[in-house]
Structures are given as C-alpha cells and as structure tokens.
J.: 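After the structure tokens below, expect a handful of questions from me.
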Amino acid sequence: MEEEWRVASRLEQRVIETVKRCQERQESPVKWALELGKCTSSPAELGQVLVTHLCFNNNHPSLWKFLDYALHSHLLSPLHILSLLTQRLIPIRLSQPQAFRLYLQLLHRHSLSFAYRHLHDSSTKILQSVDVSLRLSHTYKVSVVGFGHALVLFFFTVVDCLIDALFDDMGLQPTAADDHHMDIDSIGNINVENNQHNNQHIRTNNSLMAIEVLAKLTQDRKAMVLLRLVHFNMYVHGAHAKCHVPRPDKFNGLLQRLHFLGSNKLASSKLKSSNQLLDRLCANMKKVVGYDYKLNNRRLIGMLINNKSLRPVSCCNSESGWSACWVSFDIYIEQAMDGRQLPVTSAVVILAQTITTLQVLNQASWQETFLALWISALRLVQRERDPPEGPIPHLEARLCVLLCIVPLAIANVLADDTQMNVSSVQGAMPSGYIETGYVHGMDEKSLAPRKQGLISSLQVLGNFTGLLCPPASVAGVANSAAAKASSFISISKNAKDCSGNGSPSDTPLNSGGNMRHLIVEACIARNLIDTSAYFWPGYVSASVVALADLSSVQKSPWTAFMEGASLDGSLINSLFSTPASSLAEVERLYHIALNGSAEEQSAAAKILCGASLSRGWNIQEHVVHFVVKLLSPPIPPGYTGPRSHLIDHMSMLSAILFGASFVDHVHMLSLHGVVPEVAAALMPLCETFGSLIPTSNNKSSTTDEPSVYMVFSAAFLFLLRLWKFYRPPNEQCINGETMVGELTLEYLLLLRNSRITSHSSPAPDEKNSNSDQLEFSSDRPIYIDYFPKLRAWYCLNKSCVASTLSGLCSGNPVHQVANQILSMIYWKMTKSEASSGNSSTPSTNSACESAATTGEDVYQRPMLPAWEVLEAIPFVLEAILTACAYGRLSSRDLTTGLRDLVDFLPASLAAIISYFAAEVTRGIWKPVPMNGTDWPSPSPILPSVESEMKEILAGAGVNVPFSSYVTLVCIAYLLVCIFNHKTLSMLLGTSTVMLPLPIAALVSLTITFKLNKSLEYIHAVVGPALENCASGCPWPSIPIIGSLWAQKVRRWHDFIVVSSTRSVFRQNKEAVAQLLRSCFTSFLGSHVSTSLLTNRSSVNSLLGSVIAARPIAPGILYLRSCRTIHNVQYVRDVIVGLLAEYARESAGRWSSSESPRLKSNQASLSLAACKAREVAALGASLLCVTGGLQQVQKMYRETVPTWLLRSREGKVGEVSGAACIMEGYAMAYMLVFSGSLVWGVGSEPPSWATRRGRIVGNHLEFLGRVLEGNISLGCDPATWKAYVSCLVGLIVSCAPAWIKEVKPETLRKLANGLRGWHECELALSLLERGGIASIASVVELLNVIN
C-alpha cells in the first residue's frame, strides 16, 4: 500500500508539472495530450488526477479546453471524467458558477459518448471509479458490470441530480421528496452566504442552461433509449419484486418532480423565463414513458404489425356485425357450458385474464373491451332459446355467467392495477394518473380509466336491443329491476322536489325491463358502479317513473325471515323459490343450518340450494361459499362424542347434498372454481357414512327421511362426478399428452391444498386466541391417506379397471359379503318371477324407488357398511355376468338383479360402471342380440336416429363414411359370401342389432331409471360413463344406445341424437378435419378469394343464434366434441394448415403473383391483415379449448418449428411473395395469441403457467439458431422473415413481460439477426425489455446503429 501511494504521488507530481509547463508555453490541446500521455498510460489514473487536483485548484480555461479535446479524441473516458465532475461540481455549483457552466457544456457534448473500447486496459479501474464517485451500487442496489450498465445508471443519475439541483436553486419543495444520494450544495450554500452578490448573473444563467442541456439531451435518441432502459428494467412492482432493484419509485419520482416543476413554472419568478424549455423537457420524458414502438411502415411487415385490429363501434352497432376479433370471449364461455367437463379453475380468474389479454392484443379501449364481453355473454344467454331437454346445464348456468361470473371478472380487472405493467404519474392527468397499459403508446382512448370504460360500455349496451330481450323465465325479474330503478328515481325526485336534474322524462320510452337492467343491478351489487346509473338517458321509461308506486311492491319473504319468522311450510317454499338479496340473509340461513333443530337444518339447507343458488346472481359467490362450508360442518367446541359429529348433521347434509347435486348447480360450483374444495369436503362424508352399519329401522331411500346409505350414496356419487373414475390410468394419457379435464382424486386434493397454503395463515397463538372459534376441517390440508376406507376403494377401483379380478377363497370376508349380496339378488329374482311373467323389456320402476317397502324385504337385505358392500360388488358382477353369458341367468334376471343392487345401495352404481367399462375394453364378452326378446330392441327408431345423425353432420359440413348398423350388415353379408363364416351367417340370419354383453347389461339397467329431478345425481354419473363405455366398443354402439334411450325418453330425443353424433369425432380424423374447416368457413365467410375480404366474420354463423336450431352450427358441434378427440396433435396440424391457407388467400385479393409489393391501397391491406388476424384468433381459441395449456406448449415446441422446417415444394400452384408474408404474419399472430390466452401478458404468469419463460425462451432460441445459420429451413424465405419479425414485434408490443424471462444470449442472437435484416429498431426494442442483463447489449447495439 505504501509503495502504491508513492507511485500515485509521483504520478500526481509529474502531471502537475506537465500541466503548468503547458500552460506557461500556451501549448495547444494536442501538445497537452502528447505531453500528458508521457506521464502515464492509464486514462483512469490521468483522469482521476486531473479532476481531483487541477480542475478547481487550477481552474484555468486551457485545462477545460484540454479536457474537451481529450474526451473528444478518446484519450480520456467521457463516462469517467463526467462522473468525477458530477460528483464534485454539482454540490459546489453556486460557489463555482464558472466551472459549473463549463461542466454543463462538457455534459452536453460528451455525456452520450459511447467511446469505451479504446480504454479496455483501464476499464476495471474506470468502472470502479464511476461506481464509487456516483455511489451507483449503493443507490440502485445492483452490481455495476460493464460500461453499458454504468452508462445507463450514470446518465439517469446525472438527470436526477440536475433536476434536484434545480429544485434547490429555485427554492421549490416537491410534494413527495425522494431520498437523494448526493448532498446537494452543502458546500455551496456556505460559500454563497459569504459571497451573496458574486457571480449572481452566471448562477441564474446556469439554471437556465441546465434546463436547456437536459431538454436537448433527453431529446436525443440515445438518451431516450438509456432512460427507457431504466423505465423498463428498474421499475418493478413492490408485490412482485425480484430484489433486483428495490427502488420502484425511482423513475416515477423523477417524473413527479418534473411535473411539479412544470406546474410551478408560473408561480416561480425564476422559472418564468424557462417555460418553453421546461415544456420540452417534460414532453421528452413523457415520450420515454409513452414510447410506441412501430415497425418500419415503409415495409410490408411493419404495415401489418402497426395496422389496427378493430372496426369502429359505429360500424358494429348490431350484435351480428360486432368485430370478430373478440371471438375468444364467445368460444370460452360457450365451451364453459359443456356439462361433461367440470373445470377446477374458477371461470372468474380465467375470464379476468382473458379480458386484459384481449384488450392488449386488440389494442382496444376499455369501453370496447367491456362492451365486447357483455355482447358475448348476452349471446350466450340468447342461444338457449328453446333448448333441447337433457341432463346438461341450461339457462340458469348461462345466466350465472352473464350476471355473476362476468361482473366478478370485471371486478378483478378493476382491482388488478397493481399487477399491470404500467407507470403512473401522480397528477399528470385530471384523473390523477396516466394509464399506459402493456402496449406503451397505445391509442389515447386506452388511457381512459377502466371504471369509466365499464360505465361507457353499459351505456352503449342499450343500443343492442336484439340481445337485451330477456328469456321468459326471467322477464319478471327484469321488470322488477326496472321498477326498482323507477322507484329510486321517483323517491329522488320527491326528495329534491324537482323534475329536472337527472329525470328521464324527456327520454324515449322503453317497453319494460330487459337484460341490461339485470346487468346493471349485478354491477351495482358488487360496487362496480353506483345508483347514478338509474339516471342514464333511456335507462327507464319516463312513464314508468311517473307511475312508480312503492306501496304496490310485494313484500319479500326474506323480510319476514329476517324479522324472525319461523321456518314453516309456506315460508320454506317461498324462500326456496325466491332468491336472497343480501349477504346477511344468507349468513343467517347458514347459521340456522348449523345450529337449528333437525327440521330447521334440513329446511335451511334446502332453501340455500334453491333459488338463492340458481338465481341469486348478485350474491351467488357467497351462496356457493356457504354451500361448500355446509358440506364440512365444524366440530363444535369441546365436542368429545364417541361418534363423528357429522352424524348429528345427517338431515342437513342430506338436503345440501341432494340440493347441490342438480346438473345446473354442480356446473355453477365448477364455474366458481370450487371443485377441489367440494371434493375435499365430500371425502370425510364418504368415509364416515360409508363406515356406519345401517340398522333395520333405517328408512329406505324412497322416504323423505335420510338414511345412512342415502347420505353416503349422494356424497359418494357426487365425489365421483368430479373425475373420470371409470377410466384406467393409461387412458388418462393419450399420445403422451394429458388431456384437459381428465383429473384424478390426488390432483384435486393437491390443488385444494395448494390453495389453502397460498393464503397467509395467522400465527398459531392467534388461531386459538378465541375460545368460541369453530374448527373447520376445510381449513387444513387434506390427503387421501386420512381416509383409509376411501383410499382402499380408490385403489381397488383402479386395479379393477386396469386388470381382471383375482379369485377369492371361500373364507375371505369379501367372499362372504359377496355371497350375502348374491343371496339378496337371487331372492329378489325369485320373488319377481313369481309375481310376473318373463319379459325381455325391464320394468321401468326407478332405481332407488323400488326399494323394499315390506318388512320381509328389509330382513333379506344385509346390514353392512357401504364400503364392505362396494368392495364385494365387482365379484358379484363377475358372477352374475358369467352366469348370464353361459345361459344360467336370463337377461331380465340380470337386469333385475342389477337394479335391485342399485336400489339397495345407489352408490353401487359406481362399481357397476367401473366393472362394465373395463370389461367392454377387454373384448372378452360375446355380443348379444338386442332383439326385443332377450334384450330391449332399438330397431323401431334406429334408422331414424342414424339418419338424423347424418343430417346433423352434413349440416355442419362433415361428409364421411358413416358406420351404421346397416353398413355392417352389408359387410357381414359379403364376408359370408366370400369365407362362409358360420358365426357371421348366424348373425346375418338374425338381422338384429348386437351389443357386447357388459354394455347391453349396463344400458338395460340405465333405461329402468325414471327421470325424476331428484335422481339427477344418478343420471349425471350414468350418462358420461355410458358414452365412454360405448366409445370403447368396436361395434357402432352409440346409435344403438341412443335409440334405446330415445325410445324411453322422447323429450330427450334431440339431445340424445346430438350426443350420439359427437361420437363420430372421437377417432375419425377426416371428420375432425372437415368440421374444423367448416368452423373456419362459417366464421370467415365464403371461401372465395374475390369475396373473402368483403365478407364480415360472424360469431353467429360459427356458434349459431339458437342451440336447438337445425342445422347445428359447426362451432357448437366442435366445442361439444373437442374434449373427446383422441389425436389432439392432428387437430393442431389441421388448424395450422387452415390458418396458412386462409392467410394466403386473404393476400391474394390485393397482391400479384410476381411481386410482393402492394397491388392496391392501404384499405385493402388493412382488410387483408384484419382477416389474417381473425383467422389466427379463431385458430388460437379453438386450440386452447381443445387442449389447453399443454397444446399451446406443443405449438411452441413442435408444431410451429415443424411447419418452418417442412418443405413447400409439394404445394399445388404458385404462391406469391405477399401471400407468404401474410402466412408468416398470421402464424406469428396465432402463436402470440394462443400463448397470451393461456399464459397472460402480465409480469407474473398465472399459477398454472409457471413454464411460460422456458417455453417461450426455447422457441426464441430455436429462431436464434436458425438466424445464426445452424439450422436449415424448408419454408419460403419471405414467410420466415415475416414470421420472425412479426413474432418479435408482437411480443415487444403486446407481451413485453415475456422477454425478461428469456436468456440474454437468446435475445442477442435474435437482435443480431434482425439487425442483419435492417430491423434495427425492432432489435433495439427487444433488447430494451430484456432486463438488467441485456443493458450492455442495448448500449452496444445502439453504438453500432449510430
């Protein structure tokens, strides 16, 4: 250390002597440089000595001239010298005004100099000196690595310090002061006090000059890039900070101080002379925040990216002509109506993400976004006019989406500002902030607050009268909502005693309540808007206001309930049919269900699952919450009974289980995302009631009083509806890709437990602080191992489904139980045969309604725990099915025995389904004739059903060979003629319909069930399982089963035929391809190039206006079938092919085959690009609903790379360059669109999409390797260039948060490739958003560009 000090001292002495010698000789700066260069070869050491010891002790003009020359000639580092000067001069600027003025001049000339390569040997010392002098590491809490990083922080620090100095010089104090890292003018203030009148004129001019220098610097392109790097990469939200920069307010603090300066320029006399300079400076900084990246409009690709997506609202004031770019809303919410799928993620969460995603992708205002959402939800309701009857969600579930899910999703969007990648400037606008959204520099309309956009959308919604007509079942509720608004206005008028000021007397008259009134009420109930909506022009009729009479309003039964009326029969019925209107009413009902008498508990649970759950849209989320809580009643404080506390709530649990088991109600629970919670709540019920031994005095399931078996069966079958329990594990993974909706019980519990742990729990001492607090089992993690009986059955069921049964020894307890059950079944068969003759058609007495009603029946039934019965049932089924196959048991007796088993224990239906489904797939049972003698015959209507199926397929544009039974008979005849096969001859001779024995037995059993609403919990299990069994059968069994059911339930005929038609798409790839083409054609219009641009895309053509209308819309048919398609990879390939085909065709209208240049005007290009975006949006939406997240990831990893690598030589006809460009553009748009739908565009991906950065990064790495020449492509070069440029441009504009998750090396590869295509601005914008690690690359590229 001492030796180093001596060397530094000698160097300092030599430099001082050389400087004095040059000054005395009046040498030129060039001579200075030569002489000083002999003193040391280190620019870092020379700069340190010159600034530290000479600039102020020897403040001579010649030295400043030398510094200017040395910086210009790269003898010294501008970054180093200016950092040292900044640290020393700004604090003493008032006492050294001349030096400060010269410093400002140097700053203006050299602060944006990127010359650092000539100083490589001294780089480490220079960086250390810059870091120490400006305290960068301390201030920004980052390690300064590289000149690029140091330059960005240096420039921002200089701007920040100069603005702070201006505040101090002008005597201003900002409202929100920042913590400054420099002690500004601590020395200067003392000197000024001693020299108050010295150099005052220079000081004043210095302030003006500082503003001028800042205005000029920030106007420079380099400066804007450096400031944007701070804005993009050093502004992080506090809730999601990654600890890179714990100063989220740094850049915004600078903007706030600038705005404060601008707002006080007239108040401060010192700032009056600099008004224009301050305006320029503020405008420059705002440009940094609102930077709008656009590709070069002189290039075709740039024109495509920068083209707007939306049509004006004025052109789309009817529901049929609304812009098709919002088709994702319609597809998602219509797909959510598929009753066979119970999603585990809340539709509120998914829809909220979709709202923000589409707002960004479509570059839309919030008014346009919310209006499109309301229109899609209204279309969803209108499609339910005259629906087909069947065990599917109906109008109630659709109204739930419109009036509950959508308002809740909008509430999430309004409350989600902290998760948006926005920068706000306090007081910058009258609203108090600037909302920039994800796309910096969007249209100014996107700057409007979201809540104002919601209000505007609801006001404009009144113009869509065709969609606002309420269904007949809710017309009265809509009229009540309109009357409520009229009464409110009338009361307000009477209170104010005035007829103006909000009175709608001069507005056009309305014809009563409509759907908008219900929507507004739903929004008011959730505080999205206030009651000022009642005064909107045209909202209510003036005549209705004049006639409003509060005395005529009928008193709600809930009022009497809240006043303490007892729950008697009439009040229970009224409360059951009238939805609750407030949370307090539901809470009181919940407490009665827990703490009332047995009768009151049952009544309260029944009421809760009535109209309040199905039509209580304004509080439905609270009703759902309490329904789930009632499934897990709390353990009372101090409860120490020998049995489970759940038994004491058996009547309440029975009511809540059967009330919540209706198809619409279960679907509503899934829409609210509580399926995992429901599963966790049902497991203790199954474990407890399945372990109880029923007594002889237990009532049967036909009575109103609950029994152990009834409660267990309701809970058990409810639990089984939540996942495909009848499928073997290998069927839950097709082509290595887990299909959406194929859940397991373990996954449901894992998801539920993760939600529990994600919420912050109180400290252990806080949990027990209240002695009256009830312990809810739903508050703790639950695992299947906690329920040994359930776990044992779960494992047994999986083994039974996956493999054949193993034999049992006679002494085994399960064998003994099986014998008891067989004895019961055969005793019932004997009794049945004695009372009626043999008939092939089973009795239509309902399962669970033909239970024993006589005393001797009861004594013949074994009194066993339900779990023991379920364990033995597979062996019982094997015995009776084998007996039937060998002729020892008639078909009627088999059906009667199965029905009696279901009567005895309804939960046994699960074991029956699992066993028969497994046996069908094994193919070891011979087919049986469905001839009407041995088994029921479908022949009377089978030809009609098959004909209707063909008609439906043809109406949807699908024409494929149909494997009808008649076709198979013809094939069998040919085989007989050729091979003389005896079995085929026998079958052909009978000319009857055949089914495998297990499925024949299952369908014969199911058609004995009556269609009472109370049995929906059984039909909801049977329907999907029966369809799955038939799909695994080699025979064309779906039409046969459908015909048998259509004969029994004639009002379900349309539903059954449509369901049977869906089976064609399970494994027929050609049918899937034709249906997808039909979807694209119906949505985009005629497939003729001369009219493709002028046709208006129509959601109604895709999804239809009415579901029950014939022909069925291809979109509806696809959405109801897509989740059962086995080869999902084929679907991806078809969508990609259709996308490329339609994109090329959209370009054919305005381009020639010889040149990629435009043939027509900008308007035709806009239409072509719009069509390409619409087809991409449709393809992305269909892909997401078909396979979800997994399929989108496959698109990034496999499908699109394969599309790029595939050769185009085999393509028919010549493709123009413009068509190739449009193809690449459409593919890039679909990829970004689909990724945005499943991953979101925010800085934090949703919980189910944690691999977003990895998937996007790998795809961009593939593109980078191609750009480097490491991979050869087969696609057209124009397609490749368009794809890469548009993909990067869309990610930069719409999803910049994705870029930070990509490796810096990958970004550099892409940037270098883009620069080679002269897309330097795009390359620069990509690197700017790459995080702190990419800052050096940005500076390097910026230096190369300049």
J.: Suppose the criterion is salt bridge (charged side-chain N to carboxylate O under 4.0 Å, His left out): which pairs have a residue in residues 352-362, not counting sequence neighbours?
T.: none

J.: The criterion is side chain to side chain donor-acceptor pair (under 3.5 Å); which residues satisfy it with T369, sequence neighbours excluded?
T.: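 T369 satisfies side chain to side chain donor-acceptor pair (under 3.5 Å) with no residue once adjacent residues are dropped.
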
J.: Quick one: which residue pairs count as a salt bridge (charged side-chain N to carboxylate O under 4.0 Å, His left out) with a foot in residues 458-472, not counting sequence neighbours?
T.: none

J.: Just to verify, what does A1180 make a side chain to side chain contact (heavy atoms under 4.5 Å, CB included) with, not counting sequence neighbours?
T.: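 Side chain to side chain contact (heavy atoms under 4.5 Å, CB included) list for A1180, sorted by chain: M1230, F1233, S1234.
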
J.: Only pairs at least two apart or in different chains count here, so list each salt bridge (charged side-chain N to carboxylate O under 4.0 Å, His left out) that has a residue in residues 523-537.
T.: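 Listed once each, the pairs are R526-E621.
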
J.: Once salt bridge (Lys or Arg N to Asp or Glu O under 4.0 Å) is applied, do any residues pair with R398, and if so which ones, sequence neighbours excluded?
T.: E334, E384

J.: Test of understanding: with side chain to side chain donor-acceptor pair (under 3.5 Å), list the residues that count as partners of S1236, not counting sequence neighbours.
T.: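 For S1236 there are no side chain to side chain donor-acceptor pair (under 3.5 Å) partners, ignoring immediate neighbours.
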
J.: Under the side chain to side chain contact (heavy atoms under 4.5 Å, CB included) rule, collect the residues that match up with S582, sequence neighbours excluded.
T.: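 Once residues adjacent in sequence are excluded, the partners of S582 under the side chain to side chain contact (heavy atoms under 4.5 Å, CB included) criterion are A584, E585.
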
J.: Name each donor-acceptor pair under 3.5 Å that joins a side chain in residues 669-677 to protein atoms two or more places apart or in another chain, with its distance.
T.:
unit_1 : atom_1 : unit_2 : atom_2 : d
S670   : OG     : H667   : O      : 2.7
H672   : NE2    : Q620   : OE1    : 3.2
E677   : OE1    : R755   : NH1    : 3.0
E677   : OE2    : R755   : NH1    : 3.3

J.: Taking only residues two or more places apart in sequence, or in another chain, which ones meet A411 in a side chain to side chain contact (heavy atoms under 4.5 Å, CB included)?
T.: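 If we apply the side chain to side chain contact (heavy atoms under 4.5 Å, CB included) test to A411, skipping adjacent residues, the hits are L528.
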
J.: For H665, which residues count as a ring-ring contact (aromatic ring centres under 6.0 Å, His included) partner, sequence neighbours excluded?
T.: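 In terms of ring-ring contact (aromatic ring centres under 6.0 Å, His included), with neighbours along the sequence ignored, H665 is linked to F662.
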
J.: Identify, with sequence neighbours excluded, every residue that meets salt bridge (Lys or Arg N to Asp or Glu O under 4.0 Å) alongside D664.
T.: none

J.: Which heavy-atom pair separates C469 from Q382 by the least distance, and what is that distance?
T.: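 Smallest heavy-atom distance, with atoms named: O-NE2, 2.9 Å.
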
